[in-house]
Amino acid sequence: MCDSNQCAHSHEHYHHHTIDPAAAEMLEKANREHIETAWDRYEQQKPQCGFGDLGLCCRNCLQGPCRVNPFGEPKEGICGADADLIVARNLLRTIVGGAASHSDHSYMAIHCLKLAAEGKAPYQLKGADKIKSVAAKLGINAKGKSDNDLALEIALAALADFGSYDDEPMKWLKASVSAERLEAWNKLGVLPKNPDREIRTAMHQTSMGVDGSPVNLLLSCLKLGLVDGYAGLQMGTDVQDILFGIPYPVKTEANLGVLSHDKVNIVVHGHMPEVSEKIVEWARKLDGEAVAAGAAGINIAGICCSGNEVLMRQGVPLAGNYLSQELAIITGAVELMVVDVQCFMPSITKVAACYHTKVVTTTPIGQLPDAEYIPFTHEEADKKAQETVRMAIAAYAKRDPAKVQIPSHKSEAWGGFSVETIVGALSKVDAEKPLKPLVDNIAAGNILGAVGVVGCNNVKLTQDKVTVEMVEELLANNVLVVATGCTAHALAKYGFLSPAGAKKYAGEKLLAVLTAVGEAAGLGGPLPPVLHMGSCVDNSRIGDLLNALAAYLGVAVKDLPVAASAPELQHEKAVSIGTWAVAMGVFTHISIAPFVLGSPLVSKVLTDDLEGLTGGKFYVEADGRKAAEGIMAHIRNKRKALGI
Ligand code: SF4
Ligand code: MSK
């Protein structure tokens, strides 16, 4: 690590790693400075284990590891578990991992809300409208109650779901979905109760010598997908909107070019707005201290979903998505990277050690041996945020100008498209029935359908390529696209989140709709062709929009001409979100199959049979343009079934 030498490859050399020119420039710098990145470590991992890749390796007891040979013997592990069983068990454990991550994230936000409502943590409740709408959906009587009292009741209702010991399905789920879905899930026996208990039960179910039925395990996969969807995404988003406010449109920029040459650069990375919002607040308050230290001020930029959270509500620019996290540090211009939970690579402290960059961890479960740990309790959030920001200011003096190289690339990007924003914009066209203009345009064929494009980067794929090619194709064919997560970052980098992108990418009919709505909403031009709806937990916003559309039309979500796609998924959370989507009845594209291909049974259930149970299924295609074709074929079938 960190020696300099002259054997650098050119930008072109990195084009199979990424289509992002800023990322390619930083990979060249990394090579010049002998700094390892995820791409180098991927090469070192090759060939990756074929058994693992197919999901055919089991380590669920100490008689193993056992592996099943897809081409011959052995066909079973020591206990007799065959390929279908091993694959189904492994898949359920993957989904448990995702559901646990999201529901724990959500639990932390609920805890914060409770303390804030009790006056014990320094967070204002900025989402007064959301307090009312969430209280109403939960059936909490709001009459005569202050926002604070209502917020406390909401927090307690969320905690009651986590602490429930009766056999009732989660109340938050029941309050958030249609009667049609409740009935479908009830029939399948997959309605989750207490989410913590479901996670425990699924770990039990998959342990040695318990469930031997692959089909039963797959039903539990659906149940845990619903845990992710409602204890994770839906509760997390509802509660975060109450704490930090409902997002409204905001303009910013994206890509590594947002880092500043003359300001203190702080990068927020991870997922919890309780941390990133406080860093933004205190960076603004302490700007003068940075100026006194010789900088031009403080610049905050975001990576991964922390970036999305503070973009949506504060207009903070995006530095990059998952695969760009090491590259941000390699610019040599980052004073401090603050992380909380999920998606930060353990490698970042090693890269940071090559520069003056400080890495700060903030949670008891998300620590790195060579980072500074500043325990960011909700009660002490102000104090901890000040400490973190001051650490960044102090680091600025140690920045080595000789090591700084900030790529010039950045693009305009708009965020803040919550359901409330989208409905608000549409209501400027039809105040009585806001969804009517959208539905009318779908019925008239001006909008072919809609696709939610979500998820990560994955080093097995060229960074951003599948996403960009697929979305180009969808937009050109008048498909409306909404995005979340690292996919939204990807699209931000190439101008898909800007009004100018509408003219560049949208088909003629879609452009006309985007222009009419944008102008009616007072934007003075078209809406961006891709609407940024937020972070990974904000996928619940897409669910809410689908529910609202289905209710308006009097059909089920499974009947809508819509689809979901995770074109570059990597995390367990992406698998559990995808499972929630198929449980809702949504056709869900993924570019990389989870580790299931060793079981023809499991593969067939996920990509075929599921449709008969929930109306949704997975569709695997690694080529972006072909994926768009497959998605549009599905949308056309749904249109036909609706008679439009
Ligand atoms: Fe092998 Fe069965 Fe143990 Fe898995 S549970 S490691 S297949 S003996
Ligand atoms: S951060 S889960 S890489 S989207 Fe939500 Fe990005 Fe995927 Fe993490």
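In what follows, residues are counted from 1 in the order of the sequence shown. In listed order, ligands and their atoms are each counted from 1. Both backbone and side-chain heavy atoms feed into the values below; hydrogens, waters and symmetry mates do not.
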Determine whether the side chains of [X] and [Y] contain a donor N or O and an acceptor N or O closer than 3.5 Å.
{"X": "T37", "Y": "E326", "answer": "no"}
{"X": "S103", "Y": "S106", "answer": "no"}
{"X": "S576", "Y": "D228", "answer": "yes"}
{"X": "Q325", "Y": "H269", "answer": "yes"}
{"X": "D238", "Y": "W172", "answer": "yes"}
{"X": "T484", "Y": "N539", "answer": "yes"}
{"X": "D20", "Y": "Q463", "answer": "no"}

Handout entry: Basic-acidic side-chain contact under 4.0 Å: K465, E568
Key =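 Answer for the salt bridge query: no.
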Practice task
State which residue, out of H532, H271, R313, fulfils the side chain to side chain donor-acceptor pair (under 3.5 Å) condition with N308.
Solution key: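 Option passing the side chain to side chain donor-acceptor pair (under 3.5 Å) with N308: H532.
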Exercise for the section: Around atom 8 (Fe) of ligand 2, list the protein N/O/S atoms within a radius below 2.8 Å, excluding water molecules. Expected result: C343 SG
Completion exercise
Protein neighbours of ligand 1 with a heavy atom under 4.0 Å, given by chain and number, are C58, N60, C61, Q63, G64, C66, G77, I78, C79, R89, M208
